[in-house]
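Okay, so here's the structure we're looking at.
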Amino acid sequence: MGLIHIDLFTTLDGVAQAPGGPEEDPAGGFAFGGWQAPLIDEVVGEQVNSGMAGMDALLLGRRTYDIFAAYWPHEDGSIARLFNSLPKYVASRRTPALEWAGSTLLGPDAVAAVRELRDRHENIHVIGSLDFVQTLFAERLFDRLTLWVYPILLGGGKKVFADGVVPTNLTLIEPVVASPKGAVLQRYAIADGTPGVGDMSAAEQ
């Protein structure tokens, strides 16, 4: 069975809305679109590239798909060549025309469709797609979670973990790494069970 990877850029207070640019997602009057740009560096770039090793499908929400489809077909770098060659699956409540080559609209039961994708691909990556990611979190329908956590606080905006996240155990699968500008890379795998509880007073005795 293949793995579903969720890859997100987030601020220290958990905001993941519109890291790439002012027009990416201005919903709710979000005023900090493009907040990642001043903090990007070569280390993060290398981490992003290496994290794509083995990727054989993209799974995207409609907004992120539209942004990618308007940009990547006109580029010619290594990421562009990869994205343009991969099958792309799109979650949407509507029936948009998908003009980017290799694009397929998931059916009305997106959760069932995503489960089926695991039987067809080895490494499916969800990049951005913050609204759709909430469905995957609520269904525990992911295997890896990669977060780049940036040293800024925005105080408002769409969060990585919004309402609907279910109690879930995660395992850190590689050492945490900080980039020169302070972005902290954290990679997790979903683990069995739900978070346990205990009594700290017993540990102090």
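- Every residue was checked against the salt bridge (charged side-chain N to carboxylate O under 4.0 Å, His left out) condition with Asp119, not counting sequence neighbours, and none meets it.
- The side-chain hydrogen bond (donor to acceptor under 3.5 Å, both in side chains) pairs that include a residue from residues 42-51 are Gln47-Trp148, where partners are two or more places apart or lie in different chains.
- For Glu75, the salt bridge (charged side-chain N to carboxylate O under 4.0 Å, His left out) test picks out no residue, with sequence neighbours left out.
- In summary, Glu24 and Arg63 do not engage in a salt bridge, as defined by a charged side-chain N under 4.0 Å from a carboxylate O.
- Taking Ala138 as the reference, nothing meets the side-chain contact (heavy atoms from CB on, under 4.5 Å) condition, with sequence neighbours excluded.
- With sequence neighbours left out, Asp56 forms a side-chain contact (heavy atoms from CB on, under 4.5 Å) with His121, Glu122, Asn123.
- Legend: salt bridge (charged side-chain N to carboxylate O under 4.0 Å, His left out) pairs involving residues 126-136, not counting sequence neighbours, sorted by first then second residue: Asp131-Lys158.
- Qualifying ring-ring contact (aromatic ring centres under 6.0 Å, His included) partners for Phe137, counting only residues two or more places apart in sequence or in other chains: Phe142, Phe161.
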Under 3.5 Å, side-chain donor or acceptor atoms of residues 31-40 against the rest of the protein: list the pairs with distances, not counting sequence neighbours.
{"unit_1": "Trp35", "atom_1": "NE1", "unit_2": "Gln17", "atom_2": "O", "d": "2.8"}
{"unit_1": "Gln36", "atom_1": "NE2", "unit_2": "Tyr150", "atom_2": "OH", "d": "2.8"}

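- The line from OG of Ser92 to CG of Leu98 is 8.0 Å long, rounded to the nearest 0.5 Å.
- Residues Asp143 and His5 fail the side-chain proximity criterion, which asks for heavy atoms closer than 4.5 Å.
- For residues 90-102, no pair satisfies salt bridge (charged side-chain N to carboxylate O under 4.0 Å, His left out), with sequence neighbours left out.
- Residues that satisfy the side-chain contact (heavy atoms from CB on, under 4.5 Å) test with Val166, not counting sequence neighbours, are Arg140, Thr168.
- Among residues two or more places apart in sequence or in another chain, the salt bridge (charged side-chain N to carboxylate O under 4.0 Å, His left out) test is passed with Glu174 by Arg187.
- By the side-chain contact (heavy atoms from CB on, under 4.5 Å) test, Gln186 is found to be paired with Val149, Val176, Val184, Tyr188, residues two or more places apart in sequence or in another chain being considered.
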